[in-house]
Amino acid sequence: MTTAERTEAERNTGSTGPSEDLAPLSPLAVPAARADGCPFDPAPGVERARREEPVTRATLWDGSTCWLVTRHQDVREVLGDPRFSADAARPGFPFLTAGGRELATSKPTFIRQDDPEHARLRRMLTADFMVKKMEAMRPEVQRLADDLLDRMTAGRNAADLVAEFALPLPSLVICLLLGVPYDDHEFFQDRSRLLLSLRSTAEEVRTAQADLQRYLSRLAAAKQREPDDGIVSRLVARGELDFEEIASMGRLLLIAGHETTANMTALSTLALLRNPGQLARLREDPSLIKGAVEELLRYLTIVHNGLPRVATEDVTLGGRTIRAGEGVLCTLNSANRDEGVFPGGDALDVGRDARRHVAFGFGVHQCLGQPLARVELQIAVETLLRRLPDLRLDIPFEDVPFRHDMGIYGVHALPVAW
Amino acid sequence: MRVHIDQEKCCGAGSCVLSAPEVFDQREEDGIVVLLDAEPPAGLHEAVHEAAAICPAAAISVEQVEQLDQAERVERV
């Protein structure tokens, strides 16, 4: 550790000092590594924590510590309790990397703000993602999915599913909704990757963030001159936000829209290919698709390192006292494997009622785009299975490049054949 | 069963609409929850309980009317 990092660690530990009732287990280092050969399962250390010490201490990259909350009920309590703040500027807020801290603090969006400011900004967008509107997009999403598969399969019997289907589909849709030209997708996808990589330095994140900010701010100015019916244009027309604020909001939606559904689509496909019995059930009865997507969201939980919060008051949780100023990480993937809520939860079961999963988070910050994600995932998975009955993995499973290094889990590529 | 919603708390995630579309909807202008049926028939009770359980902002609450009646009777006695 360099001197600068040490100073940083001391600052992050906060001035309140450690709690008196530290867990007897030695603190778990997070992000914790998954076990070899079990790429769909949470890290063994996190699973063990849920069984033995559900509210436990964890050590972060910079040597600072935070609480790790691993059970379904406790995760819901923290995320639903306004005494746990999402404001990354508060001392003690836990960050997974230096880049993550840069991303969360330099130009915070409403996901890193508390109510009432969070609610004011979020409510400017809730109408754009409401269930009815997203359901009305089904024909358009279906057409895009079919076009992509037409292109992917034309004269070929193998391709990278991420590059040719899983990523372009949600990218096209979010660009359409925002009013961002899809032709610029290489630019945002590249910046998006940098912003979500756990390996990016603070400097790389700062530059990528500034690039996107500049791009979207210019786009907002262009929409003022030539309005359309996209979200950016409508935010401009409301006249309540300046171009920089609109750019921040646009950046959040663009990144979230690109990376999350793309990885869920590819990872879902892989998980089904690895569970042929479940794949066969879904193929035999496509009406299972809605429930199957909820189950895939639960089982895979791509926000895999957890959601960060910081306590603003002393709070008792699971028999532990979390002091004001102490950071908390809510691990969604372990909550979604909680046996008390999802019996046999380590198995993928497309017939399960998985609706209580927390894959989209919980509390007022729960994913704004979830109605869109559901429509996209239902269409993507159903269409893929229907159109490619011989779909199979085209490389050994051991060679699949899992995104252990990214904030959003998934696969970097998924070579498939049909 | 009597259903209550708190539009101030609602964050517009829309999960209630997916669980019980006969009981919940979203306002056109801002996606905030709208109650379509405050006293849904028994066949929908399970779906409403589910909607209340998964509502991320705890904006839905459910009252058991039978229990309420009993409590009122006790009060009168």
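Letters go in sequence order (proteins before strands), and every chain restarts at 1.
By the salt bridge (charged side-chain N to carboxylate O under 4.0 Å, His left out) test, R374(A) is found to be paired with E294(A), residues two or more places apart in sequence or in another chain being considered.
Contact annotation: the side chain of D25(B) approaches that of K132(A) to within less than 4.5 Å [non-hydrogen atoms, C-beta and beyond].
Here A127(A) is the residue among G80(A), A119(A), A127(A) with the most heavy-atom pairs under 4.5 Å with chain B.
Heavy atoms only, all atoms of each residue included: C10(B) and R123(A) are closest at O-NH2, 2.9 Å. Closest heavy-atom contact between C11(B) and V364(A): CB-O, 3.7 Å. Of all non-hydrogen atoms in G31(B) and M130(A), the two that sit nearest each other are CA-SD, 4.0 Å. In terms of heavy atoms, C367(A) sits closest to A13(B) at O-CB, 4.5 Å.
In this structure, CZ in R355(A) is found 9.5 Å from CG in L18(B), a value given to the nearest 0.5 Å.
Contacts between Q26(B) and chain A at a heavy-atom distance below 4.5 Å involve backbone atoms as well as side-chain atoms. Only the side chain of R122(A) comes within contact range of chain B, judged by heavy atoms closer than 4.5 Å. Using a 4.5 Å cut-off between heavy atoms, K133(A) touches chain B through its side chain atoms alone.
Surrounding CD of E8(B) are at most 12 heavy atoms belonging to other residues, nucleotides or ligands under 6.0 Å away. A 6.0 Å sphere centred on CD of E140(A) holds more than 12 heavy atoms belonging to other residues, nucleotides or ligands.
Of residues 48-56 of chain B, those residues lying under 4.5 Å from chain A by any heavy-atom pair are E50(B), A53(B), I54(B), C55(B), P56(B).
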